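Worksheet: the structure to be examined is printed underneath.
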Amino acid sequence: MTDTATTGRALPHPTREEIRLESVLHALSDPMRLRIVRELASREAELSCSQFELPVTKSTTTHHFRVLRESGVIRQVYRATAKMNGLRRDDLDDLFPGLLDTLLAAADRQADRLRDHG
């Protein structure tokens, strides 16, 4: 899990076995959280919280990241002073094959539709 030897600060994450479909779907039901996950999936890399440009307050952003972490959708680790975020794709794909890709594709189609007709 998190390397506490180098950071001294570990954030709680569910184990793979503790991740529940209901929690994942709840986490992804919010537009801001879905936006975060789409960004992580498109970059396929860890991103710091500050790399996300979200139209909400810092405290609301913190809440969204916490919901994603506690549901098992993302993993957060401290690297120096930055809190880095990574998609738990391997865990999600193992537990719910095809779910993440299906949801991301649907979100892309919705974004295109809203952009074209919004």
Side-chain angles (χ1 to χ4, degrees):
M1 271 198 156
T2 306
D3 181 10
T4 56
T6 58
T7 64
R9 297 182 289 178
L11 296 163
H13 295 84
T15 64
R16 180 182 288 201
E17 294 72 30
E18 293 171 330
I19 297 173
R20 297 287 172 259
L21 179 61
E22 302 89 330
S23 296
V24 170
L25 293 176
H26 168 75
L28 296 174
S29 70
D30 182 273
M32 285 300 114
R33 293 192 291 263
L34 185 57
R35 183 173 171 173
I36 291 166
V37 170
R38 289 179 69 208
E39 182 74 16
L40 286 169
S42 71
R43 300 272 196 98
E44 296 183 5
E46 285 186 343
L47 299 173
S48 70
C49 294
S50 63
Q51 290 179 269
F52 292 88
E53 293 183 26
L54 302 175
V56 294
T57 64
K58 184 172 170 39
S59 63
T60 300
T61 298
T62 300
H63 166 76
H64 287 313
F65 279 104
R66 189 181 81 244
V67 170
L68 288 167
R69 184 186 76 241
E70 291 176 352
S71 68
V73 175
I74 66 169
R75 181 169 309 281
Q76 290 186 305
V77 295
Y78 282 101
R79 302 215 193 285
T81 59
K83 190 186 292 182
M84 302 302 292
N85 303 280
L87 194 56
R88 291 181 66 176
R89 181 178 277 284
D90 290 348
D91 290 335
L92 295 173
D93 287 348
D94 183 60
L95 292 167
F96 315 112
L99 177 68
L100 189 58
D101 288 333
T102 299
L103 288 171
L104 291 168
D108 288 344
R109 285 192 304 275
Q110 175 175 276
D112 291 344
R113 181 172 45 87
L114 293 175
R115 191 172 27 256
D116 293 342
H117 298 96

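From a predicted model like this one, the values you see are computed outputs, not experimental measurements.
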Going from CG on Leu100 to CG on Asp91, what distance comes out if it is rounded to the nearest 0.5 angstrom?
11.5 Å
Would His63 and Val56 satisfy side-chain contact (heavy atoms from CB on, under 4.5 Å), going step by step from the backbone distance to the final call?
CA-CA 11 Å; His63 166 76; Val56 294; over 6 Å; no
Indicate yes or no for a side-chain donor-acceptor contact from Asn85 to the backbone of Gln76 under 3.5 Å, with no hydrogens or angles considered.
no
Ion pair check, Arg38 and Asp108, cut-off under 4.0 Å:
yes
After noting the C-alpha distance and the side-chain angles of Leu87 and Val73, does the key distance pass the side-chain contact (heavy atoms from CB on, under 4.5 Å) rule?
CA-CA 6 Å; Leu87 194 56; Val73 175; 4.0 Å; yes
Interatomic distance, CD1@Ile74 vs CG@Leu47, rounded to 0.5 Å, equals 10.5 Å
His13 vs Glu18, test: side-chain contact (heavy atoms from CB on, under 4.5 Å). Steps then yes/no.
CA-CA 9 Å; His13 295 84; Glu18 293 171 330; over 6 Å; no
With heavy-atom distances below 4.5 Å as the criterion, would you say the side chains of Gln110 and Pro31 are in contact?
no
Exercise: do Thr60 and Thr57 side chains pair donor with acceptor under 3.5 Å
yes
Does Glu22 reach the side chain of Ser71, with side-chain heavy atoms less than 4.5 Å apart?
no
The ring pair (Phe, Tyr, Trp, His ring centres under 6.0 Å) partners of Phe96 (sequence neighbours excluded) come to none
Qualifying residue for side chain to side chain contact (heavy atoms under 4.5 Å, CB included) with Leu103, from Leu25, Leu34, Val37:
Leu25
Hydrophobic cluster membership, Tyr78 vs Leu68, 4.5 Å side-chain cutoff
no
Look at Glu39 together with Arg35 and state whether they make a salt bridge at an N to O cut-off of under 4.0 Å.
no
Salt bridge flag under 4.0 Å for residues Arg89 and Asp94:
no
Leu104 and Leu95: same hydrophobic cluster, using ILVMFWY side-chain contacts below 4.5 Å?
yes
Sorted by chain and number, sequence neighbours left out, side-chain contact (heavy atoms from CB on, under 4.5 Å) with Glu70 holds for Arg66
Verify, without hydrogens or angle tests, whether Arg75 (side chain) and Gly72 (backbone) share a donor-acceptor contact under 3.5 angstrom.
no
Honestly curious: do Leu40 and Val77 fall in one hydrophobic cluster under the side-chain, below-4.5 Å linking rule?
no
Determine whether a donor-acceptor pair (N or O, by modelled atom type, separation under 3.5 Å) exists between the side chain of Arg33 and the backbone of Ala27.
yes
Does a salt bridge link Arg115 with Asp112, judged by any charged N lying under 4.0 Å from a carboxylate O?
yes
